[in-house]
Amino acid sequence: MTHFAELVDGYHRFRTSDLHRQHERWQSLREKQEPKVMIIACSDSRVEPAQIFDTLPGEIFVVRNVAALVPPFDDDGGRHGVSAALEFAVTKLKVEEVVVMGHGACGGCAAALSNVFKDAAPGEGGFVAAWVDILSDAREKVKAAYGTGPEAAREMEYEAVRTSIENLDTFPFVQDAKAAGQLKVHGAYFSIMDGELHVMDESGAFSFPQPREVKLPIEAA
């Protein structure tokens with residue numbers, strides 16, 4: 001198990017290895033960031049976007065929370081962390097794509113499906129219950145079609161991605177950017193069991209994408 005002292009040891013390895021090897025990249029990031037993609041992912045320790053997508057520092061803007069959820073737009077004056085990150089990414093960083101990535105064995109989705117923390121006090125599951133209540137409609141839809149078994153668990157994880165993507169469209173600045181052709185939204189799902197990434201199509205179905213062909217430069221004769 002990794003403790004903070006071991007994290008500090010890891011920093012020293014980073015400082016003498018990756019930081020040194022990628023010196024020019026880190027120098028270029030000193031003044032600003034220009035990521036093209038925002039990823040909304042789960043806080044689950046097994047689902048690390050930078051590792052899954054094999055990205056370098058500065059390439060993706062990431063916000064992580066329980067179940068990778070996007071709440072609907074709300075201007076009630078409350079503290080909205082995901083909404084703030086989304087606003088900053090779309091209106092200030094001008095990201096060109098937003099990816100909502102759910103995952104298998106998601107505890108947040110399981111809590112939403114079972115409603116295990118219903119009426120729990122804050123500190124005893126109440127905060128989790130209030131957050132995953134974003135999926136209340138999805139829960140009823142999944143239970144009606146699949147019950148509460150393993151198939152329902154995966155469908156709930158898919159529905160969480162679909163719900164978040166629907167909620168993205170409630171943000172006026174997201175609508176504006178999409179209408180102007182400046183923003184695309186994608187859904188994805190990472191299966192912890194087999195390491196496969198499933199991508200959502202326009203119908204809301206998920207499938208494993210084939211690798212793209214990469215054309216190598218033609219060598220001069």
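What's counted below: heavy atoms across the whole structure, side chains too, no hydrogens, waters or symmetry copies. The structure displayed is predicted, hence computed values, not measured ones.
Residue pairs satisfying the ring-ring contact (aromatic ring centres under 6.0 Å, His included) criterion with at least one member in residues 109-140, sequence neighbours excluded, are absent. Applying the side-chain hydrogen bond (donor to acceptor under 3.5 Å, both in side chains) rule to pairs touching residues 100-128 yields nothing, sequence neighbours excluded. The side-chain hydrogen bond (donor to acceptor under 3.5 Å, both in side chains) contacts involving residues 69-80 comprise D76-H80, where partners must be two or more places apart or lie in separate chains. Residues in residues 140-149 take part in these side-chain hydrogen bond (donor to acceptor under 3.5 Å, both in side chains) pairs, two or more places apart or across chains: K141-E159. Residue pairs meeting the ring-ring contact (aromatic ring centres under 6.0 Å, His included) criterion with at least one partner in residues 160-184, sequence neighbours excluded, are F73-F171, F171-F173.
In this structure, N65 and I40 have side chains that are in contact, with non-hydrogen atoms separated by less than 4.5 Å. Side chains of L183 and V98 form a contact here, defined as non-hydrogen atoms less than 4.5 Å apart. Inter-residue side-chain proximity for I165 and M200 is flagged as met; some heavy-atom pair is nearer than 4.5 Å. Proximity of R139 to V132: side-chain heavy atoms (C-beta onward) are nowhere separated by under 4.5 Å. At a threshold of 4.5 Å between non-hydrogen side-chain atoms, the residues M156 and C106 do not count as touching. Considering only heavy atoms from C-beta on, E48 comes within 4.5 Å of R64 through its side chain. A 4.5 Å side-chain heavy-atom check between V63 and M38 finds at least one atom pair inside the cut-off.
By the 30° and 60° cut-offs, the orientation of the rings of H198 relative to Y158 is tilted.
Using modelled atom types, one side-chain atom of Q175 and one backbone atom of D169 make a donor-acceptor pair closer than 3.5 Å. Listed for the T16 side chain is a donor-acceptor partner under 3.5 Å among the backbone atoms of H12.
For E87, there are no side-chain hydrogen bond (donor to acceptor under 3.5 Å, both in side chains) partners at least two apart in sequence or on another chain. Residues satisfying the salt bridge (charged side-chain N to carboxylate O under 4.0 Å, His left out) criterion with E151, sequence neighbours excluded, are absent altogether. Taking the side-chain hydrogen bond (donor to acceptor under 3.5 Å, both in side chains) definition, one finds that K92 meets it with nothing, sequence neighbours left out. Judged as a side-chain hydrogen bond (donor to acceptor under 3.5 Å, both in side chains), and not counting sequence neighbours, the contacts of E97 are H186. Under the side-chain hydrogen bond (donor to acceptor under 3.5 Å, both in side chains) criterion, D18 pairs with R21, not counting sequence neighbours.
Checked options V70, V174, V100, L86; the residue passing with N167 is V70 (criterion: side chain to side chain contact (heavy atoms under 4.5 Å, CB included)).
Other residues, nucleotides and ligands contribute only 12 or fewer heavy atoms inside 6.0 Å of the CD atom of E24. For E196, the CD atom is densely surrounded, since the number of other residues' heavy atoms within 6.0 Å is greater than 12.
No single ILVMFWY cluster, assembled from side-chain heavy atoms under 4.5 Å apart, contains both F190 and F206. At a threshold of 4.5 Å between side-chain heavy atoms, the hydrophobic network of Ile, Leu, Val, Met, Phe, Trp and Tyr places V116 and L69 in one connected group. The hydrophobic clustering, which links ILVMFWY residues whose side-chain heavy atoms are closer than 4.5 Å, places Y189 and L197 apart. At a threshold of 4.5 Å between side-chain heavy atoms, the hydrophobic network of Ile, Leu, Val, Met, Phe, Trp and Tyr places V99 and V47 in one connected group. No path of Ile, Leu, Val, Met, Phe, Trp and Tyr side chains, each step under 4.5 Å between heavy atoms, connects I39 with V82, placing them in separate hydrophobic clusters.
Applying the 4.5 Å side-chain rule to ILVMFWY residues, one finds F14, L19, W26, L29 in the same cluster as Y11. If you chain together ILVMFWY residues whose side-chain heavy atoms come under 4.5 Å of each other, F4 ends up grouped with L7, V8.
For E6 and R13, the salt-bridge test fails: no basic side-chain N is under 4.0 Å from an acidic carboxylate O.
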